[in-house]
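Scroll down for the structure; my scribbles are underneath it.
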Amino acid sequence: MAVEQREDQILAEELAALGAAGGASGRLVRVVAKLMRKVVHEIDLLVPLPFDDALERVSGVLGRAGRVVDTTPLGSGEDETIRVVTGGGAGGLNPVVVTARVLKADEDSSEVWLRAAAKEGLIRQRAGEETAVRLAAQLSKATGADRA
């Protein structure tokens with residue numbers, strides 16, 4: 001399933017769960033969530049660490065930031081995707097799906113493609129952008145990464 005489709009599904013489920021917890025119809029919230037505009041922010045990082053070390057540190061930072069919903073090794077041992085759901089926006093109540101793809105660049109360095117997606121209503125919260133920037137800063141501190 002494509003990254004975008006899976007993001008939409010996860011965001012709709014998370015918003016439905018929030019709606020149901022607040023007394024709204026989870027089914028109705030899920031339908032409305034699918035119609036909302038999704039805002040995505042991406043950041044590329046160059047990590048001066050071998051793949052296994054970079055993957056361990058990225059997993060640690062994302063694991064502390066939110067709930068892991070997907071980890072996908074892509075078979076080569078040089079490419080793995082980690083996906084978490086965390087809170088963003090006002091009061092951290094807007095679910096944000098964060099995807100980090102860690103790729104082996106060479107023996108001593110790795111690349112991290114960081115993508116944060118959130119649904120936006122009438123009030124722009126920039127939850128995806130703020131979450132991506134915050135996590136990129138945490139990843140840079142944990143790994144010594146620079147923007148690619």
Side-chain angles (χ1 to χ4, degrees), residues 1-47 51-105 110-143 145-148:
M1 183 178 290
V3 168
E4 294 83 11
Q5 290 174 326
R6 181 77 175 117
E7 280 174 349
D8 289 336
Q9 179 184 1
I10 293 169
L11 288 169
E13 294 298 323
E14 292 293 322
L15 288 168
L18 282 173
S25 165
R27 176 181 283 164
L28 178 60
V29 173
R30 188 176 298 110
V31 169
V32 171
K34 289 181 181 180
L35 299 174
M36 293 171 68
R37 182 173 63 99
K38 180 173 64 173
V39 177
V40 175
H41 191 77
E42 296 179 356
I43 297 174
D44 294 320
L45 300 170
L46 185 58
V47 178
F51 175 77
D52 290 335
D53 293 340
L55 180 61
E56 182 178 326
R57 292 190 191 185
V58 170
S59 295
V61 168
L62 291 183
R64 287 186 297 278
R67 177 175 47 86
V68 176
V69 293
D70 251 342
T71 301
T72 310
L74 298 176
S76 67
E78 299 176 351
D79 186 351
E80 188 159 337
T81 300
I82 305 154
R83 180 170 287 149
V84 300
V85 174
T86 189
L93 294 176
N94 192 1
V96 180
V97 175
V98 179
T99 304
R101 185 173 180 194
V102 182
L103 302 146
K104 180 178 181 176
S110 304
E111 296 175 18
V112 176
W113 170 75
L114 186 68
R115 175 184 170 100
K119 295 287 188 166
E120 294 272 338
L122 295 175
I123 300 171
R124 293 194 50 155
Q125 297 184 39
R126 301 185 193 280
E129 179 179 353
E130 290 175 3
T131 301
V133 169
R134 177 175 50 86
L135 289 176
Q138 290 175 8
L139 288 170
S140 292
K141 185 176 179 183
T143 65
D146 290 322
R147 292 241 177 147

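Because the structure is predicted, anything quoted here is derived from the model rather than measured. We're numbering straight along the sequence, starting at 1.
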- prompt: Backbone N or O of Ala142 within a donor-acceptor pair of the Arg57 side chain at under 3.5 Å?
  reply: yes
Strictly distance-based, threshold 3.5 Å: is any side-chain N or O of Asn94 a donor or acceptor partner for the main-chain N or O of Lys119? yes
Run Ile43 and Arg147 through side-chain contact (heavy atoms from CB on, under 4.5 Å) and show every step you take.
CA-CA 7 Å; Ile43 297 174; Arg147 292 241 177 147; 3.6 Å; yes
- Message: Quick check: do Met36 and Glu120 have side-chain heavy atoms less than 4.5 Å from each other?
- Response: no
TODO: Check whether any side-chain heavy atom of Val40 sits under 4.5 Å from a side-chain heavy atom of Arg115, and report yes or no.
DONE: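 Heavy-atom side-chain distance check passes, below 4.5 Å.
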| task | Applying side-chain contact (heavy atoms from CB on, under 4.5 Å), run through Leu135 and Leu62 and close with a yes or a no. | result | CA-CA 8 Å; Leu135 289 176; Leu62 291 183; 3.9 Å; yes
One pair to check against side-chain contact (heavy atoms from CB on, under 4.5 Å): His41 and Val133. What are the steps and the verdict?
CA-CA 9 Å; His41 191 77; Val133 169; 4.3 Å; yes
* Which one of Leu45, Leu114, Leu55, Thr81 satisfies the side chain to side chain contact (heavy atoms under 4.5 Å, CB included) criterion with Val102? ->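 Filter result, single survivor: Leu55.
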Taking all heavy atoms of [X] and all of [Y], pick out the closest pair and write down the distance.
X     : Y      : answer
Gly88 : Gln125 : O-OE1, 4.4 Å
Phe51 : Leu103 : CD1-C, 4.0 Å
Gly66 : Val84  : C-CB, 4.3 Å
Pro95 : Ala118 : O-CB, 3.7 Å

Subject >> By side-chain contact (heavy atoms from CB on, under 4.5 Å) - contacts of Val69 (at least two apart) >> reply: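 Listed in chain order: Ile10, Arg67, Arg83, Val85.
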For Glu130, the salt bridge (charged side-chain N to carboxylate O under 4.0 Å, His left out) test, sequence neighbours excluded, returns none
Hits for salt bridge (charged side-chain N to carboxylate O under 4.0 Å, His left out) against Arg134, two or more places apart or cross-chain, chain-then-number order -> none
